[in-house]
Amino acid sequence: MKSEVEKADHLITRYPVGYVPPEDPSANKEIAGGSFGTNNELKWSLNGAGYLKISGNGNCPDFDSFSETPWSSHIDNVTSVIFESGVTSIGSNSFNGTNIYGLTIAGTVKTIGDYAFKGCSMLSTVSIPEGTEIVGVDCFRGCKSLQTVTFPSTIKEIKESALMSNGAMTTVKFTPGDITVTVGNYLFAQCYALKDLTLPTLMDKISEYMFFSSKMYYLFIPNGVQSIE
């Protein structure tokens, strides 16, 4: 009951301290932001509801670590990240090790960089849009709450360990397409809960250690797979 909750000594929620609900008048007010990129062609904006929007036209630069990103000092206030139409890549380490809950990627994004979302422990679902072609090394590795990942028919390459060590992940689906997908080693290694896997229609190989320490009971390998390492 509401009265009992209000009297509780503490509350447990999935929202960060200072969370502002979307219906609050201050939710859409920008609380931080700025320009970045090679020629400041991109903009980042964080509102009171915790939505971090990245907009503009061009590539998001690679970062040597998350601490180098322009939004690093505000990450405790971020709930969801939105890459808007016009952004053509997501830089390496952009949100490495953060606690974001939601992720939206526009179809203009062609490349998701190395370690971009590695260790994002609160992500539960990732849908990579049509248009994306490359997913980098360790991109979604160690996202302990991640359960479902969907890849588009436009995907060309998924690099080493991109989905490794996701112990809660049950479902991965590749949308059928006419592109031969290149896959890196250790792709599904240590994904203990994986049971619903749809591989690409065309794929260069079952890579080395692709299912290392996984516990799958059934695997269908399409005719379009060229080799098994």
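Keep in mind it's a predicted model, so treat the numbers as computed, not measured.
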Side-chain donor-acceptor distances from residues 151-164 under 3.5 Å, at least two apart:
unit_1 : atom_1 : unit_2 : atom_2 : d
Ser153 : OG     : Glu130 : OE1    : 2.7
Ser153 : OG     : Glu130 : OE2    : 3.3
Thr154 : OG1    : Gly131 : N      : 2.8
Thr154 : OG1    : Thr132 : N      : 3.4
Thr154 : OG1    : Thr132 : O      : 2.9

Neighbour count >12 (heavy atoms, 6.0 Å) for atom NZ, Lys205: yes
Heavy-atom count around Tyr209 OH within 6.0 Å, excluding the residue itself: above 12? no
Nearest 0.5 Å please: distance from the [atom1] atom of [X] over to the [atom2] atom of [Y].
X	Y	atom1	atom2	answer
Met122	Cys143	CE	SG	11.5 Å
Cys120	Asn96	SG	CG	7.0 Å
Ile82	Ile54	CD1	CD1	10.0 Å
Ile75	Thr98	CD1	OG1	4.5 Å

Honestly curious: do [X] and [Y] fall in one hydrophobic cluster under the side-chain, below-4.5 Å linking rule?
X	Y	answer
Tyr115	Val78	no
Phe220	Phe174	no
Ile221	Val181	yes

Any non-hydrogen side-chain atom of [X] less than 4.5 Å from a side-chain atom of [Y]?
X	Y	value
Ile128	Thr150	no
Val81	Thr104	no
Leu42	Asn40	no
Thr180	Thr182	no
Phe95	Ser72	no
Ile206	Val225	yes
Trp44	His74	yes
Leu219	Phe211	yes

Taking all non-hydrogen atoms of both residues into account, name the closest pair between Ile112 and Cys139 and its distance. CG2-SG, 3.3 Å
Considering all heavy atoms of both residues, which atom of Asn93 and which atom of Phe63 are nearest to each other, and what is their separation? ND2-O, 2.7 Å
Test log, rule side-chain contact (heavy atoms from CB on, under 4.5 Å), inputs Leu123 and Ile100: CA-CA 6 Å; Leu123 273 181; Ile100 61 173; 4.2 Å; yes
Is a side-chain donor or acceptor of [X] paired with a backbone partner of [Y] at a separation under 3.5 angstrom?
X	Y	value
Asn47	Ala49	yes
Asn166	Phe140	yes
Thr79	Gly50	yes

For residues 84-91, dump all side-chain donor-acceptor pairs below 3.5 Å to protein atoms at least two apart in sequence or in another chain.
unit_1 : atom_1 : unit_2 : atom_2 : d
Thr88  : OG1    : Gly58  : O      : 3.0
Thr88  : OG1    : Asn59  : N      : 3.2
Thr88  : OG1    : Asn59  : OD1    : 2.5
Ser89  : OG     : Asn59  : OD1    : 3.3
Ser89  : OG     : Cys60  : N      : 3.2
Ser89  : OG     : Cys60  : O      : 3.4

Derivation and outcome, side-chain hydrogen bond (donor to acceptor under 3.5 Å, both in side chains), residues Asn99 and Ser121: CA-CA 6 Å; Asn99 291 324; Ser121 60; 2.9 Å; yes
Are Phe36 and Trp71, when compared by the centres of their aromatic rings, separated by less than 6.0 Å? yes
May I have the list of side-chain donor-acceptor pairs in residues 183-203 shorter than 3.5 Å, sequence neighbours left out?
unit_1 : atom_1 : unit_2 : atom_2 : d
Asn185 : OD1    : Glu208 : N      : 3.1
Gln190 : OE1    : Ser165 : OG     : 2.6
Asp196 : OD1    : Lys173 : NZ     : 3.4
Asp196 : OD2    : Lys173 : NZ     : 3.3

How would you list all residue pairs meeting salt bridge (charged side-chain N to carboxylate O under 4.0 Å, His left out) that involve residues 213-229, not counting sequence neighbours? none
Tell me every residue that passes side-chain contact (heavy atoms from CB on, under 4.5 Å) with Ser65, counting only those two or more places apart in sequence or in another chain. Ser67, Glu68
Excluding sequence neighbours, so at least two apart, what forms side-chain contact (heavy atoms from CB on, under 4.5 Å) with Tyr217? none
Hey, are Asp62 and Ser92 close enough side-chain-wise for a donor-acceptor pair under 3.5 Å? yes
side-chain contact (heavy atoms from CB on, under 4.5 Å) assessment of Val149 paired with Met169: CA-CA 8 Å; Val149 180; Met169 191 169 66; 3.9 Å; yes
Ring-plane angle category for Phe117 and Phe83, please: parallel below 30°, perpendicular beyond 60°, tilted otherwise. perpendicular
Determine, stepwise, if the pair Ser124 / Gln147 fulfils side-chain hydrogen bond (donor to acceptor under 3.5 Å, both in side chains). CA-CA 5 Å; Ser124 61; Gln147 298 179 27; 5.9 Å; no
